[in-house]
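Worth knowing before you read on, the calculation uses all heavy atoms, side chains too, and leaves out hydrogens, waters and symmetry mates. Note on naming: letters A, B, ... go to the chains in the order of the sequence lines (proteins, then strands), and numbering restarts at 1 for each one. Source: prediction; values computed, not measured.
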Protein chains: 2
Amino acid sequence: MEFSYSTALTHSASHVMKMHRQNVEFLIQKYDVYPGQPILLMRLTENDGMIQKELARRIGVKPATLTVMINRMAKSGLVERRADERDQRISRVYLTDKGRQATKHVKEVLRVIEENCFSGFSDEEKDVLRGLLDRMHSNLQAFYLQNTQPTSDL
Amino acid sequence: MEFSYSTALTHSASHVMKMHRQNVEFLIQKYDVYPGQPILLMRLTENDGMIQKELARRIGVKPATLTVMINRMAKSGLVERRADERDQRISRVYLTDKGRQATKHVKEVLRVIEENCFSGFSDEEKDVLRGLLDRMHSNLQAFYLQNTQPTSDL
DNA sequence: CCCAATTAGTTAGTTTGCTAATGAATAATC
DNA sequence: GATTATTCATTAGCAAACTAACTAATTGGG
């Protein structure tokens, strides 16, 4: 009963998500959108004008990473930065018209990929999958905290 | 019935895998192993002395990417390159003693994370998950081929 | 009120992924 | 057998993620 990474479920899952990423990448490139940007565009559509720190938190990325992403997207005209009136440390990020256009396309791409990914899946199967994923996430998060935050010993 | 990425299953799955990566990263750093290297180490353990092209294919990475990874791992002493005798274009990659040591630790880390990730899962649930993941992968691969390889129109 | 602490964002340097272009060695063809 | 084509690997340049160290602005305490 030796552990072999080749047969590990997380390995299969990585593989699936890599394939997913490749699909996204291939289908968005024609809209001048890069692989890391779709999620950011989606968040901005839901909530335009967020401050960078909050935006970074929501897309699950460090502020330093976001700075660089925003620089690139500002250069290519998808978003723009505007300083906050009352607090000059803060800069808020807004979609441009071009950004809103691109977002529509990207959203459609994501929808189509999702549809194809789960083609042949029943609603019950999707519910089961969601449940399993949630449990995996809880388990992994608990394990992470347990490792990083030393036990506040009894 | 609008599509929203926040509620998409693939979004949840990305999230789970990101958490998984964070766990791996945190637990291997003490062995001087970087995030991309575990899978490479595992493959080399199974099959030492592969040529770079084949190794790249197996870990799902482009040859150019592998070149850079091997450079770093050779520098840190985990692997070594040896030229093939009969074909001077080819270079084969071997684990060093240090590499074998590191691999043992990494394998244990991956095993423990896997164990924790699926703690509370029954064997049936794991089987179900594997089945769902396989179907997702087939679907995504088919969709990718369909998009990239233009239909050899009837 | 002024200096210290906190907070937001940026910059620099690293790893990992990619593509495209190049170099070197082998295989195939005329 | 010399030239062409193919194959393996590398290099260069870009995107995306990180950490650590920094700057600049605001807030708080003495």
Side-chain angles (χ1 to χ4, degrees), chain A residues 14-15 17-26 28-29 32-41 49-76 78-79 81-93 144 148, chain B residues 14-15 17-26 28-41 49-76 78-79 81-93 144 148:
Chain A
S14 300
H15 215 233
M17 293 321 292
K18 181 161 198 169
M19 197 75 235
H20 183 263
R21 231 175 1 261
Q22 277 176 22
N23 271 287
V24 174
E25 207 166 326
F26 181 77
I28 61 173
Q29 63 188 6
D32 256 322
V33 176
Y34 285 86
Q37 301 173 358
I39 186 170
L40 202 153
L41 292 174
M50 262 185 285
I51 74 174
Q52 290 190 199
K53 188 191 159 120
E54 174 64 10
L55 186 51
R57 196 188 61 76
R58 294 225 195 161
I59 68 172
V61 132
K62 299 291 167 195
T65 303
L66 188 67
T67 292
V68 180
M69 288 176 75
I70 298 292
N71 286 346
R72 260 191 293 268
M73 293 172 80
K75 191 177 285 182
S76 72
L78 293 170
V79 302
R81 252 190 277 247
R82 293 208 290 271
D84 188 278
E85 290 289 309
R86 44 182 81 188
D87 189 339
Q88 294 301 120
R89 288 172 304 185
I90 289 172
S91 82
R92 298 186 172 274
V93 182
Y144 188 71
T148 49
Chain B
S14 300
H15 216 232
M17 293 321 291
K18 181 161 198 168
M19 197 76 235
H20 182 263
R21 233 178 355 264
Q22 276 176 21
N23 271 286
V24 174
E25 207 166 326
F26 181 77
I28 62 174
Q29 64 188 6
K30 68 168 80 77
Y31 304 116
D32 257 321
V33 175
Y34 284 87
Q37 301 173 358
I39 185 169
L40 202 153
L41 291 174
M50 262 184 286
I51 74 173
Q52 290 191 198
K53 187 190 160 123
E54 174 64 10
L55 185 52
R57 197 188 60 78
R58 295 224 196 162
I59 68 172
V61 132
K62 299 292 166 193
T65 302
L66 188 67
T67 292
V68 180
M69 290 176 74
I70 298 291
N71 286 347
R72 260 190 293 269
M73 293 173 79
K75 191 176 286 183
S76 72
L78 293 170
V79 302
R81 253 190 275 246
R82 293 210 290 271
D84 189 279
E85 290 288 311
R86 44 182 79 188
D87 189 338
Q88 294 301 120
R89 287 171 305 183
I90 290 172
S91 83
R92 299 185 171 274
V93 182
Y144 188 71
T148 50

Which of the following nucleotides, [options], is nearest to the side chain of [X]?
X: A/Thr65; options: D/dA9, D/dT26, D/dC18; result: D/dC18
X: B/Arg89; options: C/dA8, D/dT7, D/dT10; result: D/dT7
X: A/Val61; options: D/dC18, C/dA8, D/dC8; result: D/dC18
X: A/Ala64; options: C/dA25, D/dT19, C/dT15; result: D/dT19
X: B/Thr67; options: D/dA16, D/dT11, C/dG9; result: D/dT11

How far does [atom1] of [X] sit from [atom2] of [Y], to the nearest 0.5 angstrom?
X: A/Glu25; Y: A/Gln22; atom1: CD; atom2: CD; answer: 7.5 Å
X: A/Asn71; Y: A/Arg81; atom1: CG; atom2: CZ; answer: 4.5 Å
X: A/Glu54; Y: A/Arg58; atom1: CD; atom2: CZ; answer: 4.5 Å
X: B/Asp32; Y: B/Leu78; atom1: CG; atom2: CG; answer: 7.5 Å
X: B/Ile51; Y: B/Lys53; atom1: CD1; atom2: NZ; answer: 7.5 Å
X: A/His20; Y: B/Met17; atom1: NE2; atom2: CE; answer: 14.0 Å

From [atom1] of [X] over to [atom2] of [N], roughly how many Å is that when rounded to an integer?
X: A/Ile28; N: D/dA16; atom1: CD1; atom2: P; answer: 9 Å
X: A/Gln88; N: C/dA8; atom1: CD; atom2: C1'; answer: 12 Å
X: A/Tyr34; N: D/dA17; atom1: OH; atom2: P; answer: 14 Å
X: B/Asp32; N: C/dT15; atom1: CG; atom2: P; answer: 11 Å
X: B/Ile70; N: C/dG17; atom1: CD1; atom2: P; answer: 12 Å
X: A/Met50; N: C/dG9; atom1: CE; atom2: C1'; answer: 17 Å
X: B/Arg72; N: D/dC18; atom1: CZ; atom2: P; answer: 17 Å
X: B/Asp87; N: D/dT7; atom1: CG; atom2: P; answer: 12 Å

(request) Name all residues meeting the ring-ring contact (aromatic ring centres under 6.0 Å, His included) criterion together with B/Tyr34; count only those two or more places apart in sequence or in a different chain, and write none if there are none. (result) none

(request) Output yes when at least one side-chain N/O atom of B/Gln29 is less than 4.0 Å from OP1 or OP2 of D/dC18, else no. (result) no

(request) Answer yes or no: does a side-chain N or O of B/Lys62 lie under 4.0 Å from OP1 or OP2 of C/dC18? (result) no

(request) Determine whether A/Gln52 and A/Ser91 make a side-chain contact, defined as any pair of heavy atoms from C-beta on separated by less than 4.5 Å. (result)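 Yes; the side chains approach each other to less than 4.5 Å.
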
Answer with base, sugar-phosphate or nothing: what part of the nucleic acid does [X] contact at a heavy-atom distance below 4.0 Å?
X: B/Glu25; value: nothing
X: A/Arg81; value: sugar-phosphate
X: A/Arg21; value: nothing
X: A/Arg86; value: sugar-phosphate

(message) Let me spell it out: for each of A/Pro63 and B/Gly60, pick the nucleotide of DNA chain C with the closest heavy atom. Which residue's pick is nearer the 5' end?
(response) A/Pro63

(request) Rounding to 10 degrees, work out the angle separating the end axes of the helix from C/dC1-D/dG30 to C/dC30-D/dG1 (five pairs an end). (result) 10°

